[in-house]
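Read the structure below first, then the notes.
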Amino acid sequence: MERLLINNIGLLATPEGNSALCGGEQGSVRFLRDAWVLCEDGMITAVGTGKAPEAERVLDAHQKLVTPGLVDAHTHLIFGGWRQNELGLKLHGVSYLEILAAGGGILSTVRATRAATEEELANKARAALDEMLRLGVTTVEAKSGYGLDLETELRQLRAIRRLDREHPIDLAATFLGAHAVPEEYKNDREGYIRLLCDEVIPAVVREELAEFCDVFCETGVFSAEESRRILEAGKKHGLIPKIHADEIDPIGGSMLTEAVGAISAEHLIVCPPEGIGAMARAGTVACCLPATSFYLGSTFAPVRDMIRAGVPVALASDFNPGSCPSLNLQFVMNLGCLKYRMTPEEVLTAVTLNAAAAINRADRIGSVEPGKQADLVIWDAPDLDYVCYRLGSNLAGRVVKKGKQVV
Ligand code: NIG
Ligand code: FE
């Protein structure tokens, strides 16, 4: 048996439990001073204070802060090319949806992704994962959605599977074939939706390439009714629904959460009160992406209203080449406090246990408790306030994944 003891922890901070925390509980984090954590065969088996048990391998935390490994519950990790050319357009006032409608935006990344091999896609994403791990992220959700044809969607998902096997970070795969209508179906939306429902979803499930099905429910992309059809088709094949909702226009995406039983809804920048009510009733995790608001120069999701209404909130990066070219979840934590007015405790839950719940893993990761996977961060910080207050530096000192020090 492989035993690792992390001792001399100045402050251990963790949410508790096997499901998302909401309302007043969102910020109920357990703090333990002068603590230790025992890991055996990749799992946490004991947590305590005072005299620590013996172990062959010991990691001295030097009185620093320890938290669960961070979980990034929303990324578009796999893509070809970048889109730095859009920065100038943005600065000249061209909007995100205008760029997309002119065949740029997502559609330009689709062209670059179709031109890349599985190996090229995986290699590029591996470099991003290396950087995420150094920032303290130990689990990442990754979406397809830059293929928009059978072959390239499968290639993206196969790259995710390959990285899940090869990289220390665990990956959760989401099928997002409904990310845009591809150029060749511009005059046949119905044909594209049928292709997704009748051919691509069954092929994804046959190869066991994804756990979740997501749609971009937005003006000029997929309507609420189209989104519902696609998510229902995914559900029929066992894919759990997620929805990009209310990012730019509130066209009913957040209301759909209740109708389809979505595990999470994403963005929610302009989420109306009815959408918040639907998510509260459905127990949907609101996965908010403040770095995208920051990058798009838009407003910020009404997170305080969501917490007040009892909706569990997760925070994620949305890393992608268009609306958020950053993978830094620590920056997202800063923005959670500064822009959503969340407390550091609420933010910690949002990037650990609630993020784990958004990808159906709250029973395995997201807290430092016996029975959970031994994924932890030893911070170059004395306490949680310090992590949320310092801006622009990487404060993740050492990272433990499945009971092994990987950074
Ligand atoms: O979450 N909104 C849709 N998808 C991404 C953006 C993708 C892109 O611009 O390439 C998002 O913001
Ligand atoms: Fe996204």
Side-chain angles (χ1 to χ4, degrees), residues 72-87 89-90 94-114 116 121 124-125 128 140-148 152-153 156 160 172-183 212-222 227 230 241-251 253-254 262 264-271 285-301 314-327 329 332 355 358-359:
D72 193 339
H74 182 137
T75 82
H76 303 254
L77 178 72
I78 308 288
F79 55 86
W82 290 93
R83 306 225 294 272
Q84 65 271 43
N85 60 306
E86 289 176 12
L87 177 60
L89 296 173
K90 248 169 80 88
V94 188
S95 79
Y96 181 83
L97 289 182
E98 282 164 354
I99 295 173
L100 179 61
I106 294 173
L107 295 175
S108 90
T109 300
V110 168
R111 291 190 286 275
T113 305
R114 286 180 178 177
L121 293 172
K124 181 169 180 197
V140 168
E141 184 261 10
K143 303 175 195 294
S144 68
Y146 291 121
L148 310 186
T152 319
E153 287 291 314
Q156 279 193 283
I160 295 170
T174 297
F175 171 64
L176 178 57
H179 196 193
V181 176
E183 272 159 328
F212 307 97
C213 182
D214 198 345
V215 296
F216 188 13
C217 181
E218 188 57 67
T219 303
V221 192
F222 294 96
S227 300
I230 295 159
K242 286 177 171 284
I243 313 175
H244 275 70
D246 305 338
E247 179 177 359
I248 298 160
D249 292 327
I251 62 164
S254 48
S264 69
E266 331 287 310
H267 286 289
L268 303 165
I269 294 174
V270 290
C271 184
V285 178
C287 191
C288 297
L289 312 167
T292 305
S293 282
F294 174 80
Y295 193 77
L296 292 177
S298 55
T299 56
F300 286 79
L315 299 182
S317 71
D318 194 26
F319 175 53
N320 74 73
S323 65
C324 187
S326 168
L327 48 70
L329 204 53
V332 167
I359 53 170

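The shown structure was predicted, so the numbers you read here are calculated from the model rather than taken from an experiment. Order of listing sets the numbers, starting from 1, for every ligand and every atom in it.
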Rounded to the nearest 0.5 Å, how far apart are NE2 of His267 and CG of Leu296? 8.0 Å
Begin with the C-alpha distance, continue with both residues' side-chain angles, and end with the deciding distance and a verdict on side chain to side chain contact (heavy atoms under 4.5 Å, CB included) for Thr219 and Ile251. CA-CA 7 Å; Thr219 303; Ile251 62 164; 3.7 Å; yes
So which heavy atom on Cys288 is nearest to which on Pro290, and how close? O-CD, 3.4 Å
Short N or O separations between ligand 1 and the protein, below 3.5 Å:
from     : atom 1 : to     : atom 2 : distance (Å)
ligand 1 : 1 (O)  : His76  : NE2    : 3.2
ligand 1 : 1 (O)  : His244 : NE2    : 3.1
ligand 1 : 1 (O)  : His267 : NE2    : 2.8
ligand 1 : 1 (O)  : Asp318 : OD1    : 2.9
ligand 1 : 1 (O)  : Asp318 : OD2    : 3.0
ligand 1 : 2 (N)  : Glu247 : OE1    : 2.6
ligand 1 : 4 (N)  : His179 : NE2    : 2.7
ligand 1 : 9 (O)  : Arg83  : NH2    : 2.9
ligand 1 : 9 (O)  : Tyr96  : OH     : 2.5
ligand 1 : 10 (O) : Arg83  : NH1    : 2.9
ligand 1 : 10 (O) : Arg83  : NH2    : 3.4
ligand 1 : 10 (O) : Tyr146 : OH     : 2.6
ligand 1 : 12 (O) : Glu247 : OE2    : 3.2
ligand 1 : 12 (O) : His267 : NE2    : 3.4
ligand 1 : 12 (O) : Asp318 : OD2    : 3.0
ligand 1 : 12 (O) : Ser323 : OG     : 2.5

Would you call the rings of Trp82 and Phe319 parallel, tilted or perpendicular if under 30° counts as parallel and over 60° as perpendicular? tilted
Looking only at side chains, do His244 and His74 share a donor and an acceptor under 3.5 Å apart? yes
Let's go through Asp214 and Thr174 carefully: what are the C-alpha distance in whole Å and the side-chain angles of both, what is the deciding distance for side chain to side chain donor-acceptor pair (under 3.5 Å) to 0.1 Å, and is it a yes or a no? CA-CA 7 Å; Asp214 198 345; Thr174 297; 5.8 Å; no
Using modelled atom types only, decide if a donor and an acceptor are shared between the side chain of [X] and the backbone of [Y] within a distance under 3.5 Å.
X: Gln156; Y: Gly147; result: yes
X: Lys124; Y: Gly81; result: yes
X: Ser144; Y: Phe175; result: no

Listing by chain and number, which protein N, O or S atoms are under 2.8 Å from the Fe ion (ligand 2)? His74 NE2, His76 NE2, His244 NE2, Asp318 OD1
